[in-house]
Undergrad: 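Structure incoming, see below.
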Amino acid sequence: MCGIVVYAGRRGADAPAVVLDCLKRLEYRGYDSWGIASLGSDGRIATLRRVGKIGAVRAGVVSRSLGIGRVAVGHTRWATHGGISERNAHPQLDCSGSLAIVHNGIIENYQELKAGLAPGKHRFASETDTEVLAHYIEEGLASGQSLAEAARGIAKKLKGRSAFVALDSRSGQIAAVRLGAPLIVGVGKGGELFVSSDVNGFLERTNRVMYIDDNEMALIDPGADGARMPVFIDVGTGKRVKKRIVRIGWKPGRESKTGYDHFLIKEIMEQKHTIAEAINQDDAKIRRAAGRIRNAFGVFIVGAGTAGRVCAAGEYLFSNIAKRHVNSAVASEFGSYRHYLTGRTLVIAVSQSGETVDLLDAIGVAKSRGARVLSLVNVFGSTLMRESDDFLMLNAGAEKAVASTKATTAQLSLLTLLAYATAGRLEEGKRLLLNTAEQVNDMLNPRYEERIRRLARKLRGKKDIYIIGRGVNYPIAEEAAIKLQETAYVHAHGFAGGELKHGPLALIGRGSPCIALVAEDETKREMISNAMEVKARGGYVIGIAPENNEVFDYWIRVPDAGNASPIVNIIPVQILGYHLAVLRGINPDYPRNLAKSVTVK
Ligand code: AGP
């Protein structure tokens with residue numbers, strides 16, 4: 001959450017414009033407010049801060065306010081401490097306005113730190129935890145410390161995961177400090193340097209990166225003729241750390257909406273090819289991963305939110321396909337399982353961004369117990385990928401909409417493939433998934449979308465939607481609920497079909513919409529009975545199923561995909577969520593209160 005960008009360029013460079021462009025690529029990390037601070041040729045810092053999304057801001061707006069400078073820092077915010085307002089937007093400044101700070105994460109002990117500042121000496125202009133950094137560094141600089149020393153001094157005191165950048169107008173230097181939240185340096189051509197919360201910020205401009213590791217600082221000296229290579233410093237010891245430049249041979253994929261109104265529908269439609277791409281893996285790597293699953297004593301699949309529901313489906317996939325017991329866990333709760341973890345445990349971490357803090361903490365727990373970590377991740381070079389013992393890429397391409405769609409089905413595809421490989425039936429798994437990919441390609445046609453749009457019109461005014469599933473489609477019912485909640489702001493609730501009669505049935509009345517995810521498997525008969533129970537109470541039953549049934553008031557056909565039924569069942573709900581959002585006047589790409597990468601606890 002929150003995106004940070006820094007640019008230091010050559011003479012004549014228009015740093016605020018570059019930062020604006022890079023920040024737009026990070027907008028999915030937070031879109032409550034944004035801000036840019038630029039260091040002008042007069043040696044002063046000028047700032048521009050605004051409430052709202054940065055996506056539509058024109059370069060002229062920025063250059064009119066900030067002029068042209070060679071060095072700028074920017075931020076797009078997902079609010080934690082302090083409401084959504086201009087004064088709480090970043091950059092935050094020190095009392096003299098000669099130091100600008102942008103920050104991602106939470107300073108858990110900011111109240112204590114605030115109390116530790118020289119009494120009566122500072123004027124706090126915001127309600128943010130971030131501002132405390134500005135005043136601490138201000139005190140350090142006033143006492144004769146260098147920017148590096150002052151930034152290290154406060155960095156050592158911070159509790160909680162965060163990352164911050166300090167731009168000091170007096171020295172012209174920039175300190176970029178990573179304390180558990182990601183920050184990456186990009187090395188451009190001839191004296192051009194970038195810092196970004198993730199590579200998407202600058203990947204269009206350079207693929208040469210230097211990773212700042214946890215508890216390290218990159219100190220950048222913009223220099224008169226272009227930025228010098230940064231110096232990396234260990235925050236704890238103050239010693240220099242050697243780094244090398246790594247080339248990223250990965251493209252984030254097409255960034256534009258390419259003819260679609262929103263990223264969400266574009267990404268839903270990209271599932272015509274992303275399922276096949278997800279399973280386009282090196283066989284040897286898949287077999288090695290399957291071997292580790294077979295040989296482990298205890299396997300956990302862990303993820304957050306939608307990825308967490310995918311992991312829960314994985315538990316069923318491994319049981320059904322490989323007859324193996326694996327445990328799924330929600331990342332934020334994984335710490336409670338630590339007593340079960342040993343050096344023989346394998347933890348499979350599933351994530352689109354590879355930056356979700358709950359998941360990073362979970363693998364931290366796993367590693368502290370000696371467990372091995374295999375990650376399934378979409379963003380190359382992400383913290384999760386780098387901190388795992390092994391990784392498999394999801395190959396879904398950049399996912400920009402906050403609601404995960406193509407990364408979700410890529411995760412399901414890869415877990416299904418791993419389950420087949422674990423059973424020693426890799427080729428059979430590939431055949432099934434390639435066939436599913438083709439079926440999805442056929443399914444995602446304009447007539448199909450129109451049928452779901454018609455359903456969206458019927459459901460437009462509904463306040464509650466229920467979704468039921470059984471077996472592997474039970475967690476998919478829960479994921480369907482997440483999808484409808486975050487796209488259309490509808491109160492949606494997913495549960496196991498068999499649980500209806502244990503309570504939720506009391507909520508069903510005349511016209512209550514209930515989506516039944518019905519697969520052609522051993523759960524079908526009971527699922528139909530559960531749908532009957534809803535209908536008997538006046539509910540409006542929407543069947544997502546390969547075959548129509550008299551119990552369905554509205555039928556959305558999906559192909560019979562066998563063990564890949566979760567993949568085909570979730571897609572119509574994604575489309576429904578999209579159209580409900582559009583009909584309700586909601587921007588489906590940027591749901592209120594959410595962000596794409598959840599880097600706070
Ligand atoms: C996806 O639709 C959700 N917005 C969210 O639950 C997401 O899946 C979760 O935050 C995990 O993200 P990750 O896959 O990047 O780790």
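Atoms within each ligand, like the ligands themselves, are counted from 1 in listed order. Values below: all heavy atoms of this structure, side chains included; hydrogens, waters and symmetry mates excluded.
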Undergrad: By side-chain contact (heavy atoms from CB on, under 4.5 Å), which residues pair with Ala313, not counting sequence neighbours?
TA: Leu412, Val472, Pro475, Ile476
Undergrad: Can you pull the ring pair (Phe, Tyr, Trp, His ring centres under 6.0 Å) pairs that have at least one residue in residues 582-601, sequence neighbours excluded?
TA: Tyr31-Tyr590
Undergrad: Distance under 4.0 Å, heavy atoms only, partner ligand 1: which residues pass?
TA: Ala304, Gly305, Thr306, Ala307, Ser351, Gln352, Ser353, Thr356, Val402, Ala403, Ser404, Lys483, Glu486, Val598
Undergrad: With sequence neighbours left out, what residues match Phe164 under ring pair (Phe, Tyr, Trp, His ring centres under 6.0 Å)?
TA: none
Undergrad: Would you mind checking if Glu27 and Lys24 are paired as a salt bridge, meaning a charged N to carboxylate O distance below 4.0 Å?
TA: no
Undergrad: Does Asp389 pair with Arg292 as a salt bridge, N-O distance under 4.0 Å?
TA: no
Undergrad: Do Glu270 and Glu399 have side chains that get closer than 4.5 Å, going by heavy atoms?
TA: no
